[in-house]
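Each remark here refers to the structure printed beneath this line.
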Protein chains: 2
Amino acid sequence: MTRAAEGRTRRAAGELTPVEARIMRAAVRLFAEQGFDGTTVQQVVDAAEVTKGALYHYFESKDDLLYEIYHSLIAIQLAGAERILAAGAGPAETVRALVVDLVETTAAHVDEAAVFGREMHKLAAERMAAVRADRRRYHEAFRGVVERGQREGVFRAEPPAETVTLVALGVVNQLPSWYRPDGPKPPGQLGAEIADFVLAGLRPD
Amino acid sequence: MTRAAEGRTRRAAGELTPVEARIMRAAVRLFAEQGFDGTTVQQVVDAAEVTKGALYHYFESKDDLLYEIYHSLIAIQLAGAERILAAGAGPAETVRALVVDLVETTAAHVDEAAVFGREMHKLAAERMAAVRADRRRYHEAFRGVVERGQREGVFRAEPPAETVTLVALGVVNQLPSWYRPDGPKPPGQLGAEIADFVLAGLRPD
DNA sequence: GCGCGCCGACCGACCAGTCGGTACGTGCGT
DNA sequence: ACGCACGTACCGACTGGTCGGTCGGCGCGC
């Protein structure tokens, strides 16, 4: 059995050999800078200081790298959402926590997020479906919190919950195009400001 | 002089020969579906029912097509912004008109917007600079309106104008990833709902 | 001395862009 | 009225180069 096949399950469990980690780090950086198609496998192995043989020993294909990048990001974000939802706070506090967490994790993984946003559509149909399902789960969980707040009367009823969700998740998905780690505002503050603005649009008269 | 060189100025003035228009339409659709690098020049010419010779007669390179796509979109959007700003309405009405116009033009040119968002970074340095400058102009014009409303007291002072701008333009830029022309809500309504929500976040207590 | 982990030259496919050529309309000298 | 020269529009086989992926081999630990 080659490591490439075995690797899928091992990596799915979050375990990475040092060589795999180096390859992933190099791939994410290069894909973010130059795009997936604009980056050659040779550039990745050079940057990771390994050889093509090693890369294809651990990964099945170039596409495989793309999927792993998505996977490492979505796993973190869904875990955050589940943790926050499970805490069982009120709608306002939950929305705030969700937005702040999303902004912080996205900022901490800007390269992954940038690659994901730009190249998601290049995934094979099957993997694409898995991605879409995860995204929709997040989207619906968020909208559910907004709807609950509206039913309970802690949020204004007028803005369609769907629109609020689109706006909130929209900024976050767009974040890689303007966020700079060395910018003046730390991610936590950015998240808080965005959350405040979203909640301001929801506060009852 | 080849048409490819002449074409730059002629196309900049908004004039397109029928052949150029066919090529552009095919290119936009294919780039939106498969990405820029994922689309071959041969596919474009086949879809446009012309030959490679014709394409390279009218365009200098594949990159040229990308730039023309951007150009046709940004020209419309900046024109809309200037028209609205020139109308001289109050901050609230101006913000609303800006958002609605942006959503409507983006929806009317989803393919262009999708390609632009994903492949902008592939532009050559010089053209990239021109793009960035235009985007910043739009961004700053929008923020300026928000700041004016805050100074005049018609908007709440708390949300940083920069954050409001990031949120408003963020949804619009993200629109190609979820908007479907055959969806239940027409673009005008979508724009109105988003504008309402943004203005709700700005309305004074 | 055997096999796992890795090496890297090489292969076949593919692709942007080229270029020698064709077809046709226009104007001009006779 | 005719034909010749010229420019524009377009054609499509071909080239030079690139890239993802392969595979026979090799060295080191056991």
Side-chain angles (χ1 to χ4, degrees), chain A residues 1-11 15-28 30-31 33-69 115 119 122-124 127, chain B residues 1-11 15-28 30-31 33-69 115 119 122-124 127:
Chain A
M1 182 189 210
T2 133
R3 280 271 153 182
E6 181 193 340
R8 262 176 311 188
T9 55
R10 198 160 29 76
R11 282 198 306 274
E15 303 161 32
L16 281 200
T17 69
V19 174
E20 282 173 328
R22 281 224 307 285
I23 293 173
M24 290 287 292
R25 250 182 292 130
V28 173
L30 289 166
F31 291 172
E33 268 171 29
Q34 319 177 337
F36 180 72
D37 290 316
T39 301
T40 68
V41 171
Q42 195 59 50
Q43 288 178 307
V44 174
V45 304
D46 287 350
E49 294 184 287
V50 298
T51 61
K52 250 185 173 191
L55 190 151
Y56 280 96
H57 180 72
Y58 289 108
F59 297 90
E60 293 194 315
S61 65
K62 196 186 174 189
D63 285 45
D64 213 22
L65 291 172
L66 205 54
Y67 187 70
E68 293 301 331
I69 289 170
V115 172
E119 324 276 4
K122 295 211 179 79
L123 249 33
R127 291 177 157 182
Chain B
M1 182 191 214
T2 138
R3 279 272 152 183
E6 182 193 337
R8 264 175 309 187
T9 56
R10 197 160 29 77
R11 281 197 307 273
E15 302 161 36
L16 281 199
T17 69
V19 174
E20 283 173 328
R22 282 225 307 285
I23 293 173
M24 288 289 292
R25 250 181 292 130
V28 172
L30 288 166
F31 291 172
E33 268 170 28
Q34 319 178 339
F36 180 72
D37 290 314
T39 302
T40 70
V41 171
Q42 196 60 50
Q43 287 178 307
V44 174
V45 304
D46 287 350
E49 294 185 286
V50 297
T51 61
K52 247 183 176 193
L55 189 151
Y56 280 98
H57 180 70
Y58 288 107
F59 298 89
E60 294 194 314
S61 65
K62 196 186 175 188
D63 284 45
D64 214 22
L65 291 171
L66 204 55
Y67 187 70
E68 293 300 329
I69 289 170
V115 172
E119 325 275 4
K122 294 209 179 80
L123 249 33
R127 289 177 158 181

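Convention: sequence-line order gives letters A, B, ...; per-chain numbering from 1.
Here dG20(D) presents its C1' atom at 12 Å from CG of Leu65(A), a figure rounded to the nearest Å. Separating the CG atom of Asp46(A) from the C1' atom of dC7(C) is a distance of 14 Å, rounded to the nearest angstrom. As rounded to whole Å, 12 Å separates atom P of dT18(D) from atom CD of Gln43(A). Rounded to whole Å, the distance from OH on Tyr58(A) to P on dG21(D) is 19 Å. In this entry the distance linking CD1 of Ile23(A) with C1' of dG5(C) reads 12 Å, nearest Å. Atoms NE2 (His57(A)) and P (dC23(D)) sit 16 Å apart, rounded to a whole Å. In this structure, Phe31(A) places its CZ atom 12 Å from C1' of dG20(D), rounding to the nearest Å. In this entry the distance linking CG of Leu55(B) with C1' of dG12(D) reads 13 Å, nearest Å.
For the pair Thr39(B) and Val44(B), the minimum side-chain heavy-atom distance is below 4.5 Å. Looking at Lys52(A) and Leu55(A), their side chains never come closer than 4.5 Å, going by heavy atoms from C-beta outward. Between Val41(B) and Tyr56(B), some side-chain heavy-atom pair lies under the 4.5 Å cut-off.
With sequence neighbours excluded, the residues that form a side chain to side chain contact (heavy atoms under 4.5 Å, CB included) with Thr51(A) are Ala54(A). Evaluation of the ring pair (Phe, Tyr, Trp, His ring centres under 6.0 Å) rule for Tyr67(A) yields Tyr70(A), His71(A) as partners, not counting sequence neighbours. Take Ala124(B) and apply the side chain to side chain contact (heavy atoms under 4.5 Å, CB included) test, not counting sequence neighbours, and it matches no residue. With sequence neighbours excluded, the residues that form a side chain to side chain contact (heavy atoms under 4.5 Å, CB included) with Asp46(B) are Gln42(B). Glu33(A) pairs by the side chain to side chain contact (heavy atoms under 4.5 Å, CB included) definition with Arg29(A), Leu30(A), not counting sequence neighbours. Shown here are the side chain to side chain donor-acceptor pair (under 3.5 Å) partners of Glu49(B), two or more places apart in sequence or in another chain: there are none.
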Report all interatomic pairs (protein N or O, nucleotide N or O of nucleotides 26-30 of chain D) with separations under 3.5 Å.
none

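Applying the salt bridge (Lys or Arg N to Asp or Glu O under 4.0 Å) rule to pairs touching residues 34-45 of chain A yields Asp37(A)-Lys122(A), sequence neighbours excluded.
Checked by atom type and distance alone, the side chain of Lys62(A) never pairs as donor or acceptor with a backbone atom of Thr40(A) at under 3.5 Å.
Rounded to 10°, the helix from dG1(C)-dC30(D) to dT30(C)-dA1(D) has 20° between the axis fitted to its first five pairs and the one fitted to its last five.
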**Request:** Scan nucleotides 13-20 of chain C nucleotide by nucleotide, 5' to 3', and note B when protein non-hydrogen atoms come under 4.0 Å of the base, S if they reach only the sugar-phosphate, - if neither.
**Result:** --SBBB--

